[in-house]
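Presented below is the structure to which this report refers.
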Amino acid sequence: MGELVIRATVNGAPRRWTVAPGDLLLDVLRREGYWGVKNGCETGECGACAVLLDGEPVNSCLVFAAQADGRRIETVEGVAAGDRLDPVQEAFLDHGGVQCGYCTPAMILVTRALLARTPRPTEDEVREALSGVFCRCTGFKKPVEAVLAAAARLADARPAAPPAGRKPARKAAAR
Amino acid sequence: MFDRLRAFHRPATVAAALRLATAERRAGGRGAFVAGGTDLVVQGDGSLRWVVDLSLLPLRYVRRRGAGGGWTIGSTTTMADLERSAALRRFADGVLCDAAATAGSPQIRNRGTIGGNLANASPACDLAPPLLALDASAVIAGGAAGARKAAGGRRTVALERFFRGPGRPALNGGLLVEIVIPAPPVPRGGRAAWAFQKLGRLQSDIAVVNAAAGVIVGSDCRCRWARIAIGAAGPTPLRARRAEALLVGRPFDRDAAQAAAARAAGETRPVSDVRATADYRREMSRVLVGRALDECLERMGRDPWASW
Ligand SMILES: Cc1cc2nc3c(=O)[nH]c(=O)nc-3n(C[C@H](O)[C@H](O)[C@H](O)COP(=O)(O)OP(=O)(O)OC[C@H]3O[C@@H](n4cnc5c(N)ncnc54)[C@H](O)[C@@H]3O)c2cc1C
Ligand code: FES
Ligand code: FES
């Protein structure tokens with residue numbers, strides 16, 4: 001068995017790719033022009049390569065392309081509607097959450113996944129959600145502010161939304 | 001990185017996964033099972049020729065075990081599934097949820113599985129201490145040893161015997177199907193508590209040391225049953241049996257907890273590496289076991305600082 005054909009939905013559009021059995025999703029996405037998916041460490045540490053797989057953030061450097069067959073992938077390219085930025089993107093710009101921008105696509109995506117699950121997150125929940133995306137520039141303060149602002153903006157725009165998020169998972173942190 | 005990989009199988013059943021692995025092994029060439037890939041891909045073994053992907057197997061579940069109580073957890077259940085499981089949160093003080101919630105970043109927990117965590121057999125894996133403190137067993141299908149003898153080709157191995165050394169699980173090429181947790185033997189009028197502790201450079205890092213404790217006391221407040229498990233402090237995750245024995249039969253209080261923690265540290269066999277020296281690991285084993293037992297005391301409703 002040499003190459004294999006996989007089918008996935010990327011940002012809502014069906015895609016069909018021929019890949020080698022050992023290809024990783026990060027490399028295939030970049031090869032196919034999704035350059036918002038960044039290559040940082042290739043060891044699962046930095047999160048720059050994060051995409052949403054069936055809505056959940058994963059590091060694409062640790063996923064075999066073959067494992068994405070039949071699944072739904074979202075990259076930052078699918079977030080804005082044409083020239084109209086998503087409220088999460090707007091909030092990152094408004095709150096200075098973007099400097100060099102290398103971590104930004106991943107930050108935007110993990111934020112969208114967080115807000116889909118927990119529309120009104122606490123600051124702790126925001127920090128937890130961003131904890132797997134390393135930012136060398138901002139020190140995280142401004143991205144955290146941006147996510148909280150985006151959550152508030154989205155909640156205002158959607159008054160009928162259910163009130164509370166899920167209960168935060170209790171953590172057994174090293175003291 | 002995986003340039004020599006020539007086959008990527010995606011079976012839908014355990015039987016098909018075992019058949020494919022057996023056929024590939026006969027044909028020669030190195031290969032592996034893969035679940036979330038968060039250990040396998042990072043290890044980056046470029047000599048792999050084939051992979052059998054487990055992600056389509058129907059093994060992503062957390063189920064109650066019949067009438068007697070206890071739980072069965074399918075091997076491809078992710079760390080995030082465990083972390084968020086409302087049912088497991090209510091079981092054993094949520095000790096499994098707490099441990100799963102510290103295993104790497106959210107993206108890692110969305111991929112990494114309980115089966116991969118155990119099958120990778122790292123002495124530092126975070127699910128081993130709580131599972132050891134719950135007397136868990138591994139159900140294994142196929143593989144070279146013993147498969148034919150056991151009913152339905154499956155065998156059950158107590159988790160303590162599952163870890164044979166760093167990176168050496170007792171799988172013999174078999175597939176880890178599920179983890180079984182028996183109902184804890186809490187007597188009428190008794191109380192039980194569990195706790196997990198981890199020390200890492202960051203909370204989500206691989207543990208320098210991790211530990212879990214479980215204690216059951218009777219209505220007389222004497223300890224009936226105790227489990228103390230420590231990771232990253234020896235070639236495998238280990239149970240501190242002499243420390244457990246020190247607790248059983250005595251009133252469970254802070255003095256007993258501190259004595260047990262000191263003894264548990266003496267049962268570790270740590271090594272020095274990039275993360276910590278052996279001495280530091282031994283000392284932190286004492287500290288973490290002490291904290292876990294204190295937490296058990298607190299959860300039983302006792303002030304850990306008061307003698308009673
Ligand atoms: C950045 C980062 C941080 C991490 N932090 C932590 C941490 O804090 N704590 C921690 O414990 N771990 C941590 N890990 C390690 C890893 O995420 C976990 O061990 C995870 O649970 C592995 O599961 P997986 O499904 O990804 O395993 P895989 O990588 O798919 O497999 C691991 C090994 O197990 C074998 N295997 C998998 N499933 C089975 C099965 N059902 N039957 C037989 N063999 C099987 C594979 O062949 C392979 O050898 C981290 C990893 C990364 C990359
Ligand atoms: S490139 Fe994937 S986590 Fe860093
Ligand atoms: S903005 Fe530069 S890494 Fe985050």
Side-chain angles (χ1 to χ4, degrees), chain A residues 1-4 6 19-27 41-71 106 109-110 113-114 117 125 127-134 166-175, chain B residues 1-10 34 36-42 44 46 48-51 53 55-56 78 80 83-84 86 89 94-95 97-102 104-112 130 195-200 202-205 207-210 212 288 291-292 295:
Chain A
M1 185 163 96
E3 308 203 304
L4 27 124
I6 62 168
V19 304
D23 281 351
L24 297 171
L25 183 58
L26 166 63
D27 300 319
C41 66
E42 297 183 87
T43 54
E45 302 273 351
C46 75
C49 66
V51 300
L52 303 188
L53 195 61
D54 290 338
E56 298 289 351
V58 306
N59 291 337
S60 61
C61 69
L62 300 187
V63 179
F64 283 104
Q67 292 181 303
D69 185 44
R71 303 188 66 176
L109 291 169
V110 303
L114 168 72
R117 187 185 288 279
E125 287 172 315
R127 289 188 175 274
E128 173 61 26
L130 300 185
S131 66
V133 181
F134 293 178
R166 86 193 153 89
K167 272 208 295 222
R170 213 147 31 109
K171 304 275 282 189
R175 281 182 231 178
Chain B
M1 190 194 303
F2 297 102
D3 295 339
R4 298 189 64 204
L5 207 61
R6 54 169 180 71
F8 199 102
H9 301 290
R10 305 200 78 205
V34 66
T38 60
D39 279 317
L40 184 103
V41 176
V42 174
L48 291 182
R49 304 280 288 157
W50 55 270
V51 160
D53 179 22
S55 39
L56 300 183
T78 65
E83 179 188 358
R84 292 177 187 149
R89 167 61 51 208
V95 68
C97 311
D98 286 346
T102 72
S105 69
Q107 296 100 285
I108 297 295
R109 302 200 293 275
N110 279 334
R111 293 291 297 165
F196 175 74
Q197 285 284 333
K198 170 173 175 177
L199 179 72
L202 302 170
Q203 183 188 308
S204 60
D205 265 349
V208 171
V209 178
N210 53 18
L288 294 196
R291 285 180 186 169
E295 223 171 309

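Atoms considered below: every heavy atom in the structure, side chains included; atoms not considered: hydrogens, waters and symmetry mates. Each chain gets a letter, A, B and so on, in the order the sequences are listed, and its residues count up from 1. Everything numeric in this text was worked out from a predicted model, so none of it was measured.
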Quiz item: Who pairs with A:Glu56 by salt bridge (Lys or Arg N to Asp or Glu O under 4.0 Å), at least two apart in sequence or on another chain?
Solution: A:Arg117, B:Arg84
Exercise. Would you confirm whether A:Ser131, through its side chain, and B:Ser105, through its main-chain N or O, come within 3.5 Å as a donor-acceptor pair?
Key: no
Quiz item: Among B:Leu48, B:Asp53, B:Val51, who wins on heavy-atom pairs under 4.5 Å with chain A?
Solution: B:Asp53
Quiz item: Would a distance-only check, ignoring hydrogens and angles, find a side-chain to backbone donor-acceptor pair under 3.5 Å from B:Arg6 to A:Pro21?
Solution: no
Practice problem: Apply the side chain to side chain donor-acceptor pair (under 3.5 Å) test between B:Asp98 and each candidate in B:Gln197, B:Arg89, B:Lys198; give the one that qualifies. | Solution: B:Arg89
Quiz item: Side chain, backbone, both or neither: which part of A:Leu130 has a heavy atom under 4.5 Å from chain B?
Solution: neither
Exercise. Please step through side-chain contact (heavy atoms from CB on, under 4.5 Å) for the pair A:Leu53 and B:Arg111, ending with a clear verdict.
Key: CA-CA 10 Å; A:Leu53 195 61; B:Arg111 293 291 297 165; 3.8 Å; yes
Quiz item: Is there a donor-acceptor pair closer than 3.5 Å between any side-chain N or O of A:Asn59 and the backbone N or O of A:Gly44?
Solution: yes
Quiz item: Tell me, side chain or backbone of B:Leu40 under 4.5 Å from chain A's heavy atoms, or both, or neither?
Solution: side chain
Quiz prompt | chain B contact via A:Ala50 - side chain, backbone, both or neither, heavy atoms under 4.5 Å | solution = side chain
Quiz item: What part of B:Ser55 is in contact with chain A, defined as an atom under 4.5 angstrom from a non-hydrogen atom: side chain, backbone, both or neither?
Solution: side chain
Quiz item: Can you say whether A:Ala129 sits under 4.5 Å from chain B via the side chain, the backbone, both, or neither, judging by heavy atoms?
Solution: backbone
Quiz item: By side-chain hydrogen bond (donor to acceptor under 3.5 Å, both in side chains), which residues pair with B:Asp3, not counting sequence neighbours?
Solution: none
Practice problem: Could you have a look at A:Val63, A:Val133, A:Asp23 and say which one has the most heavy-atom pairs with chain B under 4.5 angstrom? | Solution: A:Val63
Quiz item: Taking every heavy-atom pair that is under 4.5 Å apart, which of A:Ala20, A:Pro57, A:Cys61 has the most such pairs with chain B?
Solution: A:Pro57
Quiz item: Checking heavy atoms, do the side chain of A:Asp69, its backbone, both or neither come under 4.5 Å from chain B?
Solution: both
